[in-house]
Amino acid sequence: MSKSTGTTYDLVIFGATSFVGQILTQYLFESYGITGEVRWAIAGRSESKLSSLKSDLGTGAAELPVIIADATDDKALTSMCEQTRVVISTVGPYALYGEPLVKACVETGTDYCDLTGEVQWIRRMVERYEDQAKKSGARIVHCCGFDSIPSDMGVYFLQQQSEKTFGETCQDVRMRVKVAKGGLSGGTVASMINIAKEAAADPKLRKELANPFSICPPEHRSKVRQPSLKGAEFDKTFNAWLAPFVMGAINTRIVHRSNAMQNARYGKEFTYDEAMMTGRGTKGRLAAYGITAGLAGFFTASAIKPTRWLVEKFVPQPGEGPTPEDQKAGFYDIRFVGRTQDGKTMITKVTGDADPGYGSTSKMLGEAGMCLAFDIPAEQPGGFWTPASALSDKLLERLTSKAGLTFEVLETR
Ligand SMILES: NC(=O)c1ccc[n+]([C@@H]2O[C@H](COP(=O)([O-])OP(=O)(O)OC[C@H]3O[C@@H](n4cnc5c(N)ncnc54)[C@H](OP(=O)(O)O)[C@@H]3O)[C@@H](O)[C@H]2O)c1
């Protein structure tokens with residue numbers, strides 16, 4: 001059973017000074033204040049950066065508690081975990097800095113959520129710490145940002161509606177990004193470059209990254225062939241060209257783990273894939289080929305030393321990202337098409353009201369942390385969960401009432 005009382009804080013943001021951590025801190029400060037029912041603190045390695053973050057928050061923030069901890073300091077991390085029921089971490093790339101904190105959470109029975117999209121690191125954490133998390137009661141929930149909440153909760157919503165309307169879940173679901181307006185941050189680019197680097201050096205890892213069930217428990221590794229868009233293709237359902245979606249590599253893995261963690265609720269033969277719509281006609285076709293080539297170029301250039309420096313030179317550096325104006329002007333609209341075994345079809349839509357990677361991500365992450373702290377029964381067992389399997393309806397409610405997401409059924413036939 002996880003901790004229910006007896007800690008100083010409900011929630012600690014570790015990495016509050018990161019690009020996304022600063023937006024998250026501001027969101028929690030504006031939404032929940034610091035003298036209300038939510039007892040929370042900010043944490044990181046640099047006392048001076050944390051104190052200037054507090055000054056930037058403005059009047060009333062002086063009382064916000066601060067904890068100093070380096071991601072490599074086991075003692076400081078354990079002490080931080082002992083003071084709180086939930087830790088939200090934005091310290092990444094997680095494959096480089098994240099393990100000691102997961103270990104400390106698992107050892108102290110502290111609930112945890114983060115923004116990793118690094119599938120190989122998640123698998124390592126599950127392998128190393130799942131048994132201990134089950135014993136200590138720590139609920140670990142990775143991928144609580146744009147990857148993978150809209151996908152994971154979008155499929156959860158579609159399946160729930162399908163059960164209500166058709167009396168069964170959809171066996172095949174396709175996710176299509178219609179619009180995603182917003183920029184990249186240095187932290188995200190650093191994580192993508194790190195995956196490319198690790199994969200280039202390790203053929204076993206390349207094989208693992210290609211496996212859609214790589215983070216599912218062994219008994220849930222279905223033999224059913226999963227669709228996976230490799231290049232430009234035309235989609236008749238939406239009458240638009242498609243290109244591969246860069247986040248699909250993590251989102252699809254999380255959706256399959258969610259299915260497994262809900263006792264194969266979406267079915268043992270469930271298939272899922274993701275792609276980006278690029279429009280109609282010649283323009284849409286050219287964009288689909290352009291994105292495919294651009295992605296291949298980025299990963300190839302990031303994988304090898306002679307060209308990696310060039311990529312690093314021209315992308316945002318750690319701590320940099322879209323301006324507040326760009327975050328506000330950002331938006332996303334993604335569509336899901338589900339088909340039951342006998343061909344009944346449902347189309348749904350998920351939208352977010354800010355740029356996907358930062359404005360919207362920080363709200364989703366904050367509400368995932370709040371959901372762990374306040375909505376999930378203490379009896380829910382410890383282990384490595386996913387947003388949909390751990391936080392389910394409670395998170396759906398928080399995303400729509402607080403985090404600016406919408407979930408809607410567009411069509412059933
Ligand atoms: N899932 C999603 O949709 C999504 C969206 C956005 C970001 N992300 C991920 O979230 C992570 C953060 O992104 P970002 O752009 O905000 O990154 P960032 O600005 O580069 O921040 C990295 C943070 O890590 C901290 N850090 C590094 N080494 C540390 C150490 N030894 N001890 C303690 N703290 C340490 C830095 O502390 P200092 O401030 O003291 O330097 C900084 O706060 C990345 O992994 C990124 O991929 C995911």
Side-chain angles (χ1 to χ4, degrees), residues 12-27 42-53 56 66-77 80 87-102 104 113-122 141-153 177 180 182-196 245-251 253-254 312 315-322 327 330 332 334 352 354-366 368 386-387 403 405:
V12 168
I13 306 177
F14 184 56
T17 55
S18 70
F19 188 81
V20 72
Q22 294 177 48
I23 307 170
L24 169 61
T25 303
Q26 189 168 8
Y27 171 71
I42 51 174
R45 62 177 165 177
S46 161
E47 192 165 2
S48 61
K49 277 193 178 179
L50 287 162
S51 106
S52 61
L53 170 61
D56 293 346
V66 167
I67 299 171
I68 308 300
D70 192 284
T72 56
D73 183 343
D74 291 334
K75 243 172 108 180
L77 294 174
M80 176 176 81
V87 176
I88 298 180
S89 174
T90 72
V91 174
Y94 293 84
L96 300 181
Y97 310 123
E99 179 165 354
L101 177 59
V102 169
C113 58
D114 70 18
L115 285 183
T116 185
E118 295 146 85
V119 71
Q120 83 288 13
W121 181 70
I122 297 175
V141 189
H142 296 299
C143 299
C144 291
F146 184 63
D147 39 317
S148 302
I149 281 186
S151 301
D152 196 27
M153 296 306 294
V177 180
L184 281 179
S185 84
T188 298
V189 175
S191 299
M192 287 161 72
I193 293 175
N194 191 53
I195 292 181
F245 178 49
V246 65
M247 306 298 183
I250 175 67
N251 294 339
R253 279 53 177 168
I254 289 291
E312 285 169 342
V315 295
Q317 298 305 303
E320 294 176 359
Q327 290 165 33
Y332 54 88
I334 61 186
D355 78 292
Y358 303 93
S360 185
T361 280
S362 46
K363 293 192 274 187
M364 290 188 269
L365 178 61
T386 57
L405 272 78

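Counting starts at 1 for both ligands and their atoms, in listed order.
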- line: Closest heavy-atom pair, Leu77 versus Leu101, reported as atoms and distance to 0.1 Å, is CD1-N, 3.8 Å
query: Checking Ser360 side chain against Pro356 main chain: does a donor-acceptor pair fall under 3.5 Å?
result: no
- request: Give the numbers and elements of all ligand 1 atoms closer than 4.0 Å to a heavy atom of Val20.
  value: 16 (O)
- prompt: Can you list the residues that meet the side-chain hydrogen bond (donor to acceptor under 3.5 Å, both in side chains) rule with Ser46, with sequence neighbours excluded?
  reply: Ser48
message: Just to be sure I'm reading this right: ignoring hydrogens, which of Thr90, Val91, Leu24, Leu365 gets closest to atom 11 (C) of ligand 1? Compare them by their nearest heavy atoms.
response: Thr90
field: Heavy-atom proximity to atom 3 (O) of ligand 1, best of Thr116, Asp355, Asp147
entry: Asp147
query: Is the closest N or O pair between Phe19 and ligand 1 shorter than 3.5 Å?
result: yes
message: Any atom of ligand 1 sitting under 4.0 Å from a heavy atom of Gly44?
response: no
- request: Would you mind finding which of Gly357, Ser48, Ser18 brings a heavy atom closest to atom 5 (C) of ligand 1?
  value: Gly357
- request: Please test Cys143 against Thr386 for side-chain contact (heavy atoms from CB on, under 4.5 Å), starting from the C-alpha separation and ending with a verdict.
  value: CA-CA 8 Å; Cys143 299; Thr386 57; over 6 Å; no
task: Mind checking side-chain hydrogen bond (donor to acceptor under 3.5 Å, both in side chains) for Gln327 and listing every partner two or more places apart, or none if nothing turns up?
output: none
message: Regarding ligand 1, does Ala69 bring an N or O atom to under 3.5 Å of one of the ligand's N or O atoms?
response: no
query: Can you check whether Ile88's main-chain N or O pairs, donor with acceptor, with Asp114's side chain at less than 3.5 Å?
result: no
query: Is ligand 1 under 4.0 Å from a heavy atom in the side chain of Thr361, in the backbone, in both, or in neither?
result: side chain
query: Under 4.0 Å from any heavy atom of Ala71, which atoms of ligand 1 are there?
result: 30 (C), 31 (N), 32 (N), 33 (C)
query: Does the Ser148 side chain pair with the main chain of Ser151, one donor and one acceptor, at a distance under 3.5 Å?
result: no
statement: Checking heavy-atom distances from atom 38 (P) of ligand 1 to each of Gln22, Lys49, Met364, the winner is Lys49
message: To the closest 0.5 Å, what do you measure between CD1 (Ile23) and OG1 (Thr361)?
response: 9.0 Å
Any N or O of Ser46 closer than 3.5 Å to N or O of ligand 1: no
